[in-house]
**Student:** 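The following block contains the structure, expressed as structure tokens.
Both counts, for ligands and for their atoms, begin at 1 and track the order of listing. Computed from a predicted model, the values in this text were never measured in an experiment.
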Amino acid sequence: MFPPPSPIAFIDLNAQYRHLKTDIDARIQAVLAHGQYIMGPEVVELERQLEAFTGAQHAVTVANGTDALLIALMAWGVGPGDAVFLPGLTFTATAEAPLLLGATPVFVDVDPDRFTIDPADLARRILAVRQQGRLRPKVIMPVDLYGLPADYTAIATVADGIPILGDAAQSFGATVDGLRVGKLAAITATSFFPAKPLGCYGDGGALFTDDDGVAAILRSLRVHGAGSHKYNVVRVGVNSRLDTIQAAVLLGKLTVFQVEMQRREALSRRYDAGLSDMLAIPCRPVGMTSAWAQYTIRHEARDRLAEALKAAGIPTAVHYPRPMHLQPAYMAHGEGSGSLPVSEALCEQVLSLPMHPYMEDATADRIIDTVRQTVSRL
Ligand SMILES: *Cc1c(COP(=O)(O)O)cnc(C)c1O
């Protein structure tokens, strides 16, 4: 009898912890020893390291990626009567943030190859909002889906001065022409949710900007809109600080982050080589590197493929099964089925394969073989 093959993890956070245990345990113990659980020295140290890593003038940590988006929009005074442009294919939080502030999301279709916001459709939707005259075009929120930066250069060209907030929850560590995420938009928001490329052991997030004035407002908004004294409230804010223990975890993980990025890149190349003749593999725009939060393929018979892979012990995930404009809670703001054809088609076809930096080549090869056999039988 052969032993059964070991189960394959979609993302193996335990393997990462086993690798970093001594360092991370010591860093957490240090926080327990000094007791500054809120805005302790690790938070300050992490912000300096995030600035050094990204090249952004300011890194402002917050409680999660959704709050990062919300706080950025608050800093720009987004509210009722404002149009906020965002892609149909994204995680819920992108649409939720403007809606919580009373603004109106304007759903934009995505590029069929990159899966990020389509600059041509964005231009059309900005023009339509201007012509209607009911809403003020206020912010554009491109999303770096699966870790690949949006086409910020093309977006800036059609933006016509509308400020850009990058939703980089999935792309921390990615680059465009050598510039890191954090430098690609006026404000960039990221998430440290455990499964993101740089994840903590709970919720966490950060904002990046080169603008001193905006950074000061972001820092104030995360602590209830405090002024120079904490009981002097100068604006309506929120409570959204990164826990010191989470900052300690992130400092530990940052020590290996670049090595992990290289491993993700190598695995993505291995998947490409093994699958490109059979399947639609992810696009690699010239000058860009992805953070490979996900390795996402396309197939017409996606659901049957996912089911067969599950039966063969390969976990997969669908990011995402339903576009924003067809979500029951957001539908009133969209134009219904057929209005974002690329996003709608991708929701039926995308499938993310296991991807994490601790995956062995042999495991990737097993996944590739199983996908190949399964696809040939569909
Ligand atoms: C994960 C994610 C968020 C939200 O981040 P949280 O830290 O979970 O709040 C926002 N946008 C996108 C595209 C995401 O993937």
**Student:** Could you list the donor-acceptor pairs under 3.5 angstrom formed by side chains in residues 36-43, with sequence neighbours left out?
**Tutor:**
residue: Glu42; atom: OE1; partner: His34; partner atom: NE2; Å: 2.9
residue: Glu42; atom: OE2; partner: His34; partner atom: NE2; Å: 3.2

**Student:** Applying the side-chain contact (heavy atoms from CB on, under 4.5 Å) test to Phe192, which of Val249, Asn64, Val62, Leu198 qualifies?
**Tutor:**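 That would be Leu198.
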**Student:** Any side-chain heavy atom of Asp203 within less than 4.5 Å of one from Asp67?
**Tutor:**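 In short, these two side chains do not touch, never coming nearer than 4.5 Å.
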**Student:** Please name all residues satisfying side-chain contact (heavy atoms from CB on, under 4.5 Å) with Gln258, sequence neighbours left out, ordered by chain then number.
**Tutor:**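 For Gln258, the residues satisfying side-chain contact (heavy atoms from CB on, under 4.5 Å) (neighbours in sequence not counted) are Phe53, Arg180.
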**Student:** Find all protein N or O atoms under 3.5 angstrom from an N or O atom of ligand 1 and list the pairs with distances, or write 'none'.
**Tutor:**
residue: ligand 1; atom: 5 (O); partner: Ser191; partner atom: OG; Å: 3.4
residue: ligand 1; atom: 7 (O); partner: Gly65; partner atom: N; Å: 2.7
residue: ligand 1; atom: 7 (O); partner: Ser191; partner atom: OG; Å: 2.6
residue: ligand 1; atom: 9 (O); partner: Gly65; partner atom: N; Å: 3.3
residue: ligand 1; atom: 9 (O); partner: Thr66; partner atom: N; Å: 2.8
residue: ligand 1; atom: 9 (O); partner: Thr66; partner atom: OG1; Å: 2.5
residue: ligand 1; atom: 11 (N); partner: Asp167; partner atom: OD1; Å: 3.2
residue: ligand 1; atom: 11 (N); partner: Asp167; partner atom: OD2; Å: 2.8
residue: ligand 1; atom: 15 (O); partner: Gln170; partner atom: NE2; Å: 2.7
residue: ligand 1; atom: 15 (O); partner: Lys196; partner atom: NZ; Å: 2.7

**Student:** List the atom pairs, donor and acceptor, that lie under 3.5 Å between side-chain atoms in residues 76-88 and the rest of the protein, sequence neighbours left out.
**Tutor:**
residue: Asp82; atom: OD1; partner: Arg136; partner atom: NE; Å: 2.8
residue: Asp82; atom: OD1; partner: Arg136; partner atom: NH2; Å: 2.9
residue: Asp82; atom: OD2; partner: Gly79; partner atom: N; Å: 2.8

**Student:** So does Ile187 get a backbone contact from the side chain of Thr209, meaning a donor-acceptor N/O pair under 3.5 Å?
**Tutor:**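 Side chain of Thr209 to backbone of Ile187, a donor-acceptor pair under 3.5 Å: no, none is there.
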